[in-house]
Amino acid sequence: MKYLERGYLIREELPPFPSEERLRKRPVAYIECPQPIPCSPCYESCQYGAIKMQNINDPPVVDYEKCTGCMKCIRVCPGLAIFMLRIREDGMGEVTLQYEFLPWLKKGDKVKLYNRKGEEIGEGVVNWVLPPEMNEKMSLVRVEMPANLIFEARAVRPVRE
Amino acid sequence: MVKTEMGRLQEHPILEFKRGKEVTIYFNGKPIKAFEGETVAAALYAAGVRVFSRSFKWHRPRGFFCAIGKCSACMMEVDGIPNVRTCKVYVRDGMQVKTQSGMPEAENDVLSILDDVMDTVFPHGSHYLKFTTSKNARRFIVNQLRKFTGFGYPPKAVYQGKAGYEEIETEVLVIGGGPGGMSAAINAAKYGAKVLILDENPFLGGQLVKQTHRFFGSAKERAGTRGIKIAEILEGELRSFKNVDVRLETRAFGIYNGEVGAHQKGEVDKLLRIKAKKIIVATGAYERTLVFENNDLPGVYGAGGVQTLMNVYGIKPGNRGLIVGSGNVGLILTYQLMQAGVEVAAIVEALPTIGGYFVHAAKVSRLGVPIYTRHTILKALGKKCVEGAIIAKLDERWNPIPGTEKKFDCDFICVAVGLSPAHELLYQAGCEMKFIPELGGLVPLRTKYNETTVPGLYTAGDVDGIEEATAAIMEGRICGIHAAISLGYGGKEAEKELEEAVKELDEFRAGPFGQKVVVGIKKCLVEGVKV
Ligand SMILES: Cc1cc2nc3c(=O)[nH]c(=O)nc-3n(C[C@H](O)[C@H](O)[C@H](O)COP(=O)(O)OP(=O)(O)OC[C@H]3O[C@@H](n4cnc5c(N)ncnc54)[C@H](O)[C@@H]3O)c2cc1C
Ligand code: FES
C-alpha cells in the first residue's frame, strides 16, 4: 500500500476512469477511497444502487452507468473523497468538489487548481456553488477547467486580486 | 485570510464563537482583556503569554500542554490560591493571576541561569545527601529550597468563602459527560432508572466539542454529521428525560464502597456525597507526549490542547505549526488548523505508513502539506518559545540517519502521538487493572457488558481503551442498559436491546481498523454474572 507512505494516490492506484462517452453525457461520481475503513454514508445515500459495498469496511466502487450524477453522495462524504466529473459539449471539463474554507467561493470566482500532491497545475473558474448554509457548512463548488485536468485537479484556492 | 483580533479568530468556516462580556484580569499586576467564558490560560495565550511556569530544578520555561486540566503545566496562583490549573478556571472581572515559579516571574526568571550550573552544584539526587549534618540545618535549607521550586506558597489567610454540603441518592451515577457518559445516562434513563451525571467542564460533550469535522461510520451512527453537532444531539436527548440530573463543573474525586465524593463549583462550592447503586465511569483519556530535545519548550503542545484553544475558545495557536504523528488526530488537526488560517509546515510520522485514514491524509496532501513517513522530530529550537524544529529520517532500526536532518521554521509543534486512558478513579475504586498496549495503557478487566471486577461499577468510552466516539456511544448504550436491567427496569425489551447492542459493537469493530482493539479487549475480558 504505497499510497499510505505518501498520503496521495498516483495514476496506477486510481479507480478506473469513466469512458469519455459517459463523461460527456452528464456528471459522474468519481470516488478516491481505496482503503477499507468503517464508513458507508455514500452507499446509504445512493438511490440508484450505483455505489457497491459488501459491508461497512468495504471501499466503495461506482457503477458509472448507473450513476445519474445526482450529487447525493458528494454532499455527505466525510472524507472529502468524492468528485463529480464531466466533459461539456463545448469540450471544457468540470469538477465539483467539497469546499470548507474562508472566504467562501462564489460563482465567477477565479481559482488556482492543485493536484493530489498540492502542486499548482492551472486555473479554473467557479461556475456553480451549493452555498454552505444549504449543506451543514459544507459548500460544493463546480469549477470549469480544461478537460485534460479533470482527473488531476483535486483542490482549489481563490486567486488573490 | 481568516480575520483575527487580539489573538482571537473573528470568523471561521464552521464555528461561531460566542464570546461573553469583556472583562479585565490582572497578570502579574498587568491588566489583560478577556471575555467571559474563556479560561485564564486561553485569555493569557490570546494576549501573547507563552511562558506559564518554570520547571522547579532547572527553571526551564514551560507553557501549557493539554488545555484540559490533565498535565499541570499551567499552574499559577489565582486570587491568592496557589497551584490552580489555569486551563480549568474561568476568567472573572478583576481576577488576580500570578505565575508562581520564577524570580521575579516566570517570563523573566533570573534563576534560569541555574539551568547551566545546577547539575555541577546539585547533581541528581544530591538533596538527599547534602545538608544532613543537623536537623536544624536541614529544616532551614529545605525551607529555602522550597522557595526556588515554584510549588507556590500556601494562602496566608484562612479561606473566608462559604462551603456547602449535599447528600444525594441516585440509582445510576455517571462520571463524565462525553459521548460515552451521555449515551450511558440516556440508555439507563430511558428504561426508567434515576440518573445523575457529572462533568468537571461547564459544558457536556467531552472531546466532541472540538471536533468540527464530519464523522465516519454508518448513517445510523450519525456518520456525515459533525462531531460538535453529535454532542448537541446527545445533550438534547439527555436533557429531555425528567429522571436525569445533570451537574456541571462537578468533579468526582473518589469512589468509596459505592459512594462517590465530588466537588461542585458554583455560587457556593459544594462537597457532594453521592450514594449510587450503579456507577458508570466515563472519564475519557489523557494525551501522551514524546521524548525529544526541548520537548518542554513553550510552543510544544498536545494536539487536543491546540484543538481546545482553537475550536472551543477561538484562539489562534500560532502562525505556522509542525505536526508530529499521522494518526487521525494529527491529520484532522492539520486540516482544522488550515481552516483557521494557520499554516502547517509538515506532518512527521515515525512509522513507514500513515497511521490514520488515507482520506484524511489525501485532504491535507492536496493542500500542499508534506507528510514525512519514517521520520522523527529530533529537537525543538528556540530559547523561550518554539522557533523551529529539526526532523530526520529513520533507518530500519528506528535510529535517525545522520545527514538527513531537515530544519523547519514554525512557532508551535503539536504532539499527536495518541492517548492514554484516564483510569485513576477505577484504580482507586479497586478494579482489577491490566496494562494493555493495544488499548493505550492501564485498563480495567470487564465483562462484555462493561462491568468491572467491582460489582455495579461500569466503564464506557476511552477510559477502558482508546477508540473513538462511535464506539464510546455504543459502549455507553451497553452498560447503561445493563445497569438499568440489574436495577429491575426494562424487562424483556431491554434484554433484547442489550444483546443487539453487543452484536452491533462487535460488527463495528470487525474491520481492519478495529483489529487492534479486538485483540486488546480479548486480553481483559472476564466472565460476568448473568442478569
Ligand atoms: C482530533 C480528534 C478527532 C477524532 N475524530 C473522531 C471521529 O471522526 N470519529 C469518532 O468516532 N471519534 C473521533 N475521535 C475520538 C472521540 O472524540 C473520543 O474517542 C470520544 O470523545 C471519547 O468519549 P468519552 O466519552 O470516552 O470521553 P471524553 O469525550 O474524553 O469525555 C470524558 C469527560 O469526562 C469528564 N471527566 C473526566 N474526569 C472527570 C471527573 N473526575 N469528574 C467529572 N468529570 C470528569 C471530562 O471533563 C470529559 O468531559 C476523535 C478525537 C480527536 C482528539
Ligand atoms: S493542566 Fe492546564 S495545560 Fe495541562
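Every chain is numbered from 1 and lettered A, B, ... according to where its sequence line falls, protein lines coming before strand lines.
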Side chain proximity check, A:I37 to B:V359, heavy atoms < 4.5 angstrom: yes
Pairs of heavy atoms under 4.5 Å with chain A: top-ranked of B:K363, B:R226, B:H360, B:E349: B:R226
Leading residue by heavy atom contact count with chain A [cutoff under 4.5 Å; candidates B:R509, B:K229, B:H213, B:M338]: B:M338
Region of A:C42 that comes under 4.5 Å of a non-hydrogen atom in chain B: neither
B:K406 atom NZ: more than 12 heavy-atom contacts under 6.0 Å: yes
Crowding at NZ, A:K117 (>12 non-hydrogen neighbours, <6.0 Å): no
Backbone of B:Q339 reached by a side-chain donor or acceptor of A:E100 within 3.5 Å: no
Main-chain N/O of B:F358 paired with A:Q35 side-chain donor or acceptor, under 3.5 Å: yes
Portion of B:A340 that has a non-hydrogen atom of chain A nearer than 4.5 angstrom: neither
A:E119 and B:R366 ion-paired at < 4.0 Å: no
Interface moiety of A:L80 toward chain B, non-hydrogen atoms closer than 4.5 Å: both
Contact origin within A:R75 toward chain B - heavy atom pairs under 4.5 Å: backbone
Part of B:F215 within contact of chain A (heavy atom distance under 4.5 Å): backbone
Atom CE of A:M134: over 12 foreign heavy atoms under 6.0 Å: no
Heavy-atom contact with chain B under 4.5 Å, split by part of A:P36: both
Atom CD of A:E133: over 12 foreign heavy atoms under 6.0 Å: yes
Chain B contact via A:Y8 - side chain, backbone, both or neither, heavy atoms under 4.5 Å: both
Toward chain B, the part of A:Q98 with a non-hydrogen atom under 4.5 Å: side chain
Side chains of A:W104 and B:P13 in contact at under 4.5 Å (non-hydrogen atoms): yes
Donor-acceptor under 3.5 Å (B:T373 side chain, A:E5 main chain): yes
Closest heavy-atom pair and its distance - B:G217, A:I56: C-CD1, 3.9 Å
Atom NZ of A:K52: over 12 foreign heavy atoms under 6.0 Å: yes
Over 12 non-hydrogen atoms of neighbours within 6.0 angstrom of OH in A:Y114: yes
Nearest-0.5 Å distance that lies between atom CG in A:N57 and atom CZ in B:F508: 8.5 Å
Within-4.5 Å side-chain heavy-atom neighbours: A:R157 and B:L367: yes
Heavy-atom contact with chain B under 4.5 Å, split by part of A:R154: both
Leading residue by heavy atom contact count with chain B [cutoff under 4.5 Å; candidates A:E44, A:K2, A:R6]: A:E44
Winner by heavy-atom pair count (cut-off under 4.5 Å) against chain A, out of B:G355, B:G356, B:G511, B:S326: B:G511
Non-hydrogen atoms of B:F513 and A:P38 that approach each other most closely: CB-CD, 4.4 Å
Whether B:R214 side chain and A:M138 backbone form a donor-acceptor pair below 3.5 Å: no
Under 3.5 Å: donor-acceptor pair, side chain of B:S365, backbone of A:G7: yes
